[in-house]
**Q** 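Would you mind keeping the following structure in view while I ask a few things?
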There are 2 protein chains.
Amino acid sequence: MNINEAIDRLKNNGYKATKRRKEILGFFEEADGYRTAKDLIQHLEPAYEGISFDTIYRNLHLYNEMEILETTELNGEKHFRMNCTHHHHHHFICNQCGKTKEIEVCPMDEVQNTLANYEIEGHKFEIYGLCPGCKSA
Amino acid sequence: MNINEAIDRLKNNGYKATKRRKEILGFFEEADGYRTAKDLIQHLEPAYEGISFDTIYRNLHLYNEMEILETTELNGEKHFRMNCTHHHHHHFICNQCGKTKEIEVCPMDEVQNTLANYEIEGHKFEIYGLCPGCKSA
DNA sequence: TTACAAATCGTAATGATTACGATATTATAT
DNA sequence: ATATAATATCGTAATCATTACGATTTGTAA
């Protein structure tokens, strides 16, 4: 997912591409990893002084529903990142900088048959630690 | 982990085994799955009218630190369950009743070598859905 | 049973998130 | 380009889970 795809998706669904919405997309594209609502507010404050919580959270939820952003919970705070739209995979997540690395291994195939009579609705596999950059710093 | 083990662990670390602490352990033993702070408060209210948030949260954290309870985040709320002290494993978690089933598969062995130069500090693998009981109900 | 440390209570404070009426902005049709 | 109507944002208050703290009560060990 990139900014232009996201804007197209907005417009195709009757949403407007406002300055703030574009700026939010820019923030996540540049971030290239997980960020919180607070991170976003801090980024927007200089250019959009007094930006409303309403704007922040409404758009984060909108982007999440439209699968422009994906979300996960990291130590009690919701984090967001640009959605990976291609194939199914999981993430290593850096505890320091929030950047992610794709993990192709998915254990679900192996697990399926141990869950006969269960209805599987979803799963989560995440690895946490330090990326090479943060490790050496 | 069972109630008696937990009480021993409390006493061995200089903590007192109060009525409320025993009642909380009883709640989680009987629950046999993930429960929230609110669930616990509702359980305790009848017998301990006006029980303090302080008591609830302080003890949940204490039990978590002492590895009497383990915790996970499920749709934005912290959930707790009796800790499984034996070997490393993961959980299927029922979205309806919170009960869990142990999953022996752990994908980490397979993943390790794809993360050279990364420092791995932890991982999470959870499967969500409906247990056989909730599925047929 | 006394004494004292630890636990609980009652309640206020915090922090993230949600909600809402008033105002401003965007997209579209003219 | 302009007017119009729908949508988005603002400013701020409300909500919800959780944390914090002084005053009081309780558990434990001598």
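All chains are named by letter (A, B, ...) in the order of the sequence lines, taking the proteins before the strands, and each is independently numbered beginning at 1.
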**Q** Give one of base, sugar-phosphate or nothing for A:R21, where a contact means two heavy atoms less than 4.0 Å apart.
**A**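 Sugar-phosphate only.
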**Q** How is A:R20 classified with respect to the nucleic acid when contacts are heavy atoms under 4.0 Å: base, sugar-phosphate, or nothing?
**A** sugar-phosphate
**Q** Atom NZ of B:K11 and atom C1' of D:dG27: how far apart are they, to the nearest Å?
**A** 10 Å
**Q** Base, sugar-phosphate, or nothing: which does B:G14 touch, judged by heavy atoms less than 4.0 Å apart?
**A** nothing
**Q** I'd like to know whether A:H123 forms a ring pair (Phe, Tyr, Trp, His ring centres under 6.0 Å) with B:H90, so could you lay out the CA-CA distance, the side-chain angles of the two residues, the decisive distance to 0.1 Å, and finally the verdict.
**A** CA-CA 11 Å; A:H123 68 281; B:H90 298 283; over 10 Å; no
**Q** With nearest nucleotide decided by heavy atoms, which residue, B:I56 or A:G76, maps closer to the 5′ end of DNA chain C?
**A** B:I56
**Q** Just by distance, no angles: are the side chains of A:Y128 and A:E126 close enough, under 3.5 Å, to form a donor-acceptor pair?
**A** yes
**Q** Does any donor-acceptor pair link the side chain of A:K78 with the base of C:dA16 at a separation under 3.5 Å?
**A**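 Per atom types, no contact qualifies.
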**Q** For A:E73 and D:dA17, what is the distance between atoms CD and C1' respectively, to the nearest whole Å?
**A** 12 Å
**Q** I'd like to know if B:T18 reaches the base of D:dG27 with its side chain such that a donor and an acceptor end up less than 3.5 angstrom apart.
**A**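 No pair found.
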**Q** Could you state the NZ-P distance from A:K22 to C:dA27, rounded to the nearest angstrom?
**A**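 Atom NZ in A:K22 sits about 7 Å away from atom P in C:dA27.
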**Q** Please name the residue in the list A:L44, A:L25, A:I56, A:T55 that meets the side chain to side chain contact (heavy atoms under 4.5 Å, CB included) test with A:R20.
**A**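 The single option meeting the side chain to side chain contact (heavy atoms under 4.5 Å, CB included) with A:R20 is A:T55.
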**Q** Given atom CG of B:N12 and atom P of D:dT28, what is their separation to the nearest angstrom?
**A**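 Atom CG in B:N12 sits about 13 Å away from atom P in D:dT28.
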**Q** Nearest to the side chain of A:H61, heavy atoms from C-beta on, is which of C:dT8, C:dT18, D:dA8?
**A**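 Side chain of A:H61 sits closest to C:dT18.
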**Q** Using whole Å, report how far CD1 of B:I41 lies from C1' of C:dT8.
**A**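 So the CD1-C1' distance, B:I41 to C:dT8, works out to 14 Å.
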**Q** Compare side-chain N and O positions of B:T55 against OP1 and OP2 of C:dC9 and report whether any pair is under 4.0 Å apart.
**A**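 It does, given that an N or O in the side chain of B:T55 lies less than 4.0 Å from OP1 or OP2 of C:dC9.
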**Q** Check if the side chain of B:K38 and the base of D:dA17 share a donor-acceptor pair of N or O atoms closer than 3.5 Å.
**A**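 When only heavy-atom distances are counted, B:K38 does not reach the base of D:dA17 through any donor-acceptor pair under 3.5 Å.
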**Q** To check you understand the geometry: which heavy-atom pair defines the closest contact between A:C94 and A:L130, and what is its length?
**A** SG-CA, 3.9 Å
**Q** Parallel, tilted or perpendicular: which one describes the rings of A:H79 and A:Y34, with boundaries at 30° and 60°?
**A**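 Ring orientation of A:H79 relative to A:Y34: perpendicular.
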**Q** How many whole angstroms separate atom CG of A:L62 from atom P of D:dA8?
**A**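 The distance from CG of A:L62 to P of D:dA8 comes to 7 Å, rounded to the nearest Å.
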**Q** Between B:S52 and B:Y15, which has a closest nucleotide on DNA chain D that is more 5'?
**A** B:S52
**Q** Does B:R58 place a side-chain N or O at less than 4.0 Å from the phosphate oxygens OP1/OP2 of C:dT8?
**A**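 Looking at the OP1 and OP2 atoms of C:dT8, one of them is under 4.0 Å from a side-chain N or O of B:R58.
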**Q** Assign the ring pair A:H89 / A:H91 to parallel, tilted or perpendicular, where the plane angle (0 to 90°) is split at 30° and 60°.
**A** perpendicular
**Q** Which listed nucleotide (D:dT28, D:dT12, D:dT18) is nearest to the side chain of A:F53?
**A** D:dT12
**Q** Measure the distance from OH on A:Y57 to C1' on D:dA14 and round it to the nearest whole Å.
**A** 15 Å
**Q** How close or far is atom C1' of D:dA8 from atom NZ of A:K16, stated in whole angstroms?
**A**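 The answer, rounded to whole Å, is 7 Å.
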**Q** Which one, D:dC10, C:dT11, D:dA17, comes nearest to the side chain of A:I51?
**A**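 Of D:dC10, C:dT11, D:dA17, D:dC10 is nearest to the side chain of A:I51.
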